[in-house]
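Every chain is numbered from 1 and lettered A, B, ... according to where its sequence line falls, protein lines coming before strand lines.
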Amino acid sequence: MTGFAQGLLDALLRDTHLIVPQLFLMAVATLMLWPGDLFFNRNEKHKWAPITLVVLAVTAVLITKTTDGEGFSRMFRVDGLTRGFQMLCVLAAAGTVALSVKLLDALKQHTVEYYALILFSVAGMLFLCGASDLISVYFSIELMAISIYILVAYLRDRATSVEAGMKYFLLGAFSSGILVYGISLLYGAGGGITTNLEDLNRALALTPTTSSLLVYAGVLMVLVGMAFKVAAVPFHMWAPDAYEGAPTPITAFMATAPKAAALAAFLRVFGTGFHGVSSDWVLPLTYIAGASMILGNVAAVRQESMKRLLAYSSIAHVGYMLLGVLSGDPKAGAQAVWLYMLIYIVMNTGAFAVVIYLQAKNEGERIEDFKGLGRKHPVLAFAMMVFLLSLAGIPPLVGFFGKFYLFKLAIEQGYVTLTVIALLTSTVSAYYYLGVVKEMYFKEPEGEAAPLGAAQLFIVTLACILVLVGTAFGPWLLKWAGEIFWV
Amino acid sequence: MFTANPTLMLVATFLPVLGALVLLLVPKDQRRTFEIGSLLLMIASLLLSLPFWFGYDRSSDAVQWFMAVDWIPALGVKFAVGMDGISLLLWLLTTFIGPIAVACSFKSIEERHKEYYIWLLVLQTAMLGVFITQDMFLFYLFWEVMLVPMYFLIGIWGGPQKLYAAIKLFLYTLAGSVLMLVAILAIYFLQHKATGSYNFSLASFQQMAPIIAQQSKTYQHLMALAFFVGFAIKVPMFPFHTWLPDAHVQAPTAGSVILAAILLKMGTYGFVRFLLPILPTATKELMPWFIALALIGIIYGALVAMIQKDMKKLVAYSSVSHLGLCMLGLFALNPYGIKGGLFQMINHGISTSGLFLAVGIVYERRHTRMIADFGGLSKTMPVYATIFMIMTMSSIGLPLLNGFIGEGVILMGSFQAFPWAAVVATLGIILGAAYMLWMFQRVMFGPITAVNEKMDDLSLREILYFAPLVAAAFWIGLYPKPIMDVMDAPVRKLVTQVNPDFFIAESLAAKQAEAAKLGMQGMAAPAHHEAAPAGHEAAAEGHAAHEAPAHETAAHGGGH
């Protein structure tokens, strides 16, 4: 007994350095709930936002300090892939927190729980980025998702918010069930000895042909479960409603951070764990990617709500990114996905910043609300135009560079048809993005222009400059992407 | 001080956009500052571009003033610029049209001046950039970036259907260019497989032609079609032309002028620069289809132009017809055809922008463009009528004016390659004369209505912006040699790349002629292979009227 305890203690001491960022986040988030909540009175809760930003900055530093390695019975590993995607999650979370202040002020809904929940979900994402075992993948997803379910329903006196949370929760739970079922099938098919991705890959290679159906079913179920989490078609049904109902900063968050983490898991699970049985999942995933691009972009055309438009467009963007997962060269695929995700986070956060700004004045929900923005707020409108054109992939904006790099890889890997679909549907996307530009510049404004908050202006301007000049710094972007690797 | 060098080329190209950044800081009620400022910027860019006309080495077919800086080494992307004669002419056409486009907007643009002139300047740099780039990635960048300012120019300052026209232009062109991107990437990887290096440089793409020729038929045809559709939409060739009438009619005058003079030339330039040299084999295999489309464009464009009631729409459809003729020339794949095609691109830029400006003049005064609303204008607006007349004549190819030379050379080239197509094209030219003259007659002659009597003749500003166009039309019509000289060497190089048989046949014909003259002696000398093209060159430099007999011999001797 003491031997076991001793072993456990040794393992903890040996491996804890791998999860310092997560432990830090969870500790801080817990302390924020109590006794931290007592520090500020009801009207001072907004002071948690800068504190959260500092915590996230410290987390980013801690992530850079972690060393490569594997631990906790090979459930979690730190490598270039882990660190790279962890940074993306922290970046997206920081953007969300910075965007939240004004809106929550306007709604008088500031609480410490909001920020604590964001930190908890980020901790879950950081675990997910490095999860190297199907079980730890599952646990990390749950930690991440449960916090977000609550955040979606955060505006508890609004029916839409509560409905969105409920829908997201039910479908999320359902998809988790499928995921776990798939894991259990694979566990059985692999001989009931392991759920570790590398071991499972070896074990699945040795399974007799009689259980190939078992493997197939297991792989497909895991695929379905993961596709739910990244909102890929046809498992995207929850996304538009959840995005529309959630507080807008959380919508921005959901469109980026959890997807970054889930795509990291996607890359690791399919690139490592199911690498040997790729014939089982490549074709279905090809269809999922293609359908996401087509349906995401086509459905976005008819939207009148800005948040739904961005929701559908994020489905399409996930479709593009799945091209990277499909890559026969997992390392190059991971790099392309990472690069795209980084760029997507910047442009998406920028676009949501503009939406949130308008929303603080009870506008911005509908595309119509953008009418004449070019006259009312030239800077804001220009930035929004830059984000939208970048999302559409118009050069020289950085969104083009991300697409170019991703599609280049896809063509190299022989996915020519899928790339042509991606490119043609991105033309469709130009239609609805330009629809918003049209409202901003081609229509006359209504109502008065309110002054712009300094913080929002800063975020918008920063993101806008990054998007404008990003392509010129292509070599740097590629250098960072070059550090995304795993063994 | 200002000698032609790569730095000056970049300065002339980027001056408009840099100026636009400065204008961004000017408060938006300073209308005059934007007008004069952007006019001065355009003129400065034009003046800076002139040394290149004089400094161009006409004997060389190399890319001149070449400069390359590594940009994204991991992908083989370079910031590479330079020009040969073909790019130079279009580049100069762009700097030439720039000030005119600004000057014609002073009165017609009545709102949101700041944005208007800034977009115009951004567009100018993007267009100039397309013509100087020597790297496929950079080319694609400029090519697409052009769309955004054009979208705004049409969408904000356009006519009643502007929203529809703007988005249609944008989506059509975007759809075409993304297909082209796929083809570019496919060739990029083929190149990596063949040579082991990742490289986007234009020269390396052109050197891929023999390797591409070894690929499967399907591969080659798909590549060629991807490029073809991308460029054909821009030209526009039938059946990809439907965006053009909408865009032209809805665009403000300056937008129409730029569209006609420069943007359409991007497509033809793309054929010359990319499709023909990179995919010569596939192009030749698909040539009957391409020629058929060009011919349909010529006839269809002319017929549709004839029934138009709107003057601007008429001119727009005449562009479809004229560009079809340019394409026919290019597809002849012989020096006459390609030279004629390129030459006609310049002419079309001059005459059609003149016509759009002329339509803009009456629209500013009457706010209608319907032919039926006018008549007898020559009585009250004699100067206007004269200029309109010159532009009409230039467009239909009256001798002494620019259009004649271009059409003549194209017909010679295409006759050499496929006589029956040249015959059909001639029909298009006749139709062209018919619809243009008919429009002129209905607008300028006949009884005048009370409203039209009050219309003012051209102001000094208007005369000033027409003047360069009129001067250019006469200059090119009377003395086309300098322009022919500039494109001579690059066109020879292009024909050697695309259709090497042409020169072999030609030199064989020359040898036979020589042999006939000198008895059997001529057969021994391989040096004739060099001499024959030089002789041909001399013939090409002459006036078109002199060329015909020399050319006939070449064609017959060439074993057609």
Side-chain angles (χ1 to χ4, degrees), chain A residues 335 374-375 378-379 381-382 385-386 388-389 392-397 400-401 403-405 407-435 437-444 471-479 481-482, chain B residues 24 28 70-75 77 79 111-112 114-115 119 126 129 137-148 151-152 154-158 162-164 166-168 170-190 192-193 198 200 219 222 226:
Chain A
Q335 293 174 355
R375 290 289 192 81
V379 176
F382 178 77
M385 178 192 79
V386 168
L388 293 170
L389 290 177
I394 305 294
L397 305 174
F400 165 74
F401 187 66
K403 276 207 174 80
F404 177 81
Y405 194 65
F407 296 165
K408 180 181 84 74
L409 177 78
I411 289 183
E412 191 174 20
Q413 300 290 334
Y415 291 101
V416 178
T417 319
L418 209 53
T419 310
V420 171
I421 292 176
L423 280 164
L424 289 179
T425 53
S426 76
T427 310
V428 175
S429 79
Y431 177 75
Y432 59 79
Y433 291 130
L434 284 174
V437 173
K438 183 182 79 184
E439 293 288 333
M440 293 195 299
Y441 282 99
F442 300 176
K443 300 266 175 81
E444 291 301 315
T471 307
F473 296 96
W476 278 269
L477 294 176
L478 291 182
K479 195 172 144 271
Chain B
L24 210 55
K28 60 182 168 192
D70 267 344
W71 179 10
I72 310 175
L75 304 178
V77 174
F79 187 88
E111 49 161 5
R112 303 169 81 172
K114 181 177 180 175
E115 295 164 68
W119 282 127
F137 185 86
L138 196 60
F139 162 74
Y140 190 80
L141 230 66
F142 280 122
W143 174 270
E144 293 247 294
V145 107
M146 247 167 17
L147 284 177
V148 179
Y151 173 74
F152 279 97
I154 297 177
I156 298 181
W157 296 276
K162 57 191 179 183
L163 297 183
Y164 171 74
I167 195 79
K168 193 168 175 185
F170 197 101
L171 293 183
Y172 255 79
T173 323
L174 187 63
S177 39
V178 295
L179 289 178
M180 187 172 77
L181 182 63
V182 177
I184 292 176
L185 286 173
I187 295 176
Y188 171 77
F189 288 117
L190 185 67
H192 176 245
K193 226 162 67 181
Y198 285 121
F200 271 108
Y219 176 89
L222 283 177

### Task
Name the option with the most non-hydrogen atom pairs under 4.5 Å to chain B; the candidates are T427(A), V428(A), I394(A), L478(A).
T427(A)

### Message
Can you tell me which portion of L141(B) sits under 4.5 Å from chain A's heavy atoms? Options are side chain, backbone, both or neither.
### Response
both

#### Entry: Residue pair K168(B), Y172(B): steps toward the side chain to side chain donor-acceptor pair (under 3.5 Å) verdict
CA-CA 6 Å; K168(B) 193 168 175 185; Y172(B) 255 79; 5.3 Å; no

### Distance flag, aromatic centroids of Y151(B) and Y441(A), threshold under 6.0 Å
no

#### Entry: Contacting region of V148(B) [heavy-atom separation from chain A under 4.5 Å]
side chain

### Message
With chain A as the partner, which of W143(B), W157(B), W71(B) has the greatest number of non-hydrogen pairs under 4.5 Å?
### Response
W71(B)

### Query
Is it the side chain or the backbone of Y188(B) that comes within 4.5 Å of chain A heavy atoms, both, or neither?
side chain

#### Entry: Region of F142(B) in contact with chain A, defined by heavy-atom distances below 4.5 Å
neither

### Query
For the residue pair M385(A) and M440(A), what are the closest heavy atoms and their distance?
N-CE, 3.7 Å

### Task
Starting at CG of L409(A), measure out to CD of Q335(A) and round the result to the nearest 0.5 Å.
9.0 Å

### Query
Heavy-atom distance under 4.5 Å to chain A: side chain of I184(B), backbone, both or neither?
neither

### Task
Can you label the angle between the Y198(B) ring and the H192(B) ring as parallel, tilted or perpendicular, going by 30° and 60°?
parallel

### Task
Examine whether an atom of F401(A) lies under 4.5 Å from a heavy atom of chain B, and if so say whether it belongs to the side chain, the backbone or both; otherwise answer neither.
side chain

### Task
Give the member of G482(A), G474(A), P396(A) that has the highest number of heavy-atom pairs under 4.5 Å with chain B.
P396(A)

### Task
Go through the atoms of L397(A) and report whether side chain, backbone, both or neither lie under 4.5 Å from a heavy atom of chain B.
neither

### Query
Tell me, side chain or backbone of L147(B) under 4.5 Å from chain A's heavy atoms, or both, or neither?
neither

#### Entry: Under 3.5 Å donor-acceptor, K162(B) side chain and I156(B) backbone
yes

### Task
Considering only heavy atoms and a distance below 4.5 Å, find which of T471(A), V416(A), V437(A) pairs most often with chain B.
T471(A)

### Message
I need the L171(B) CG to L434(A) CG distance, nearest 0.5 Å.
### Response
7.0 Å

#### Entry: Centroid-centroid under 6.0 Å between F404(A) and Y140(B) rings
no

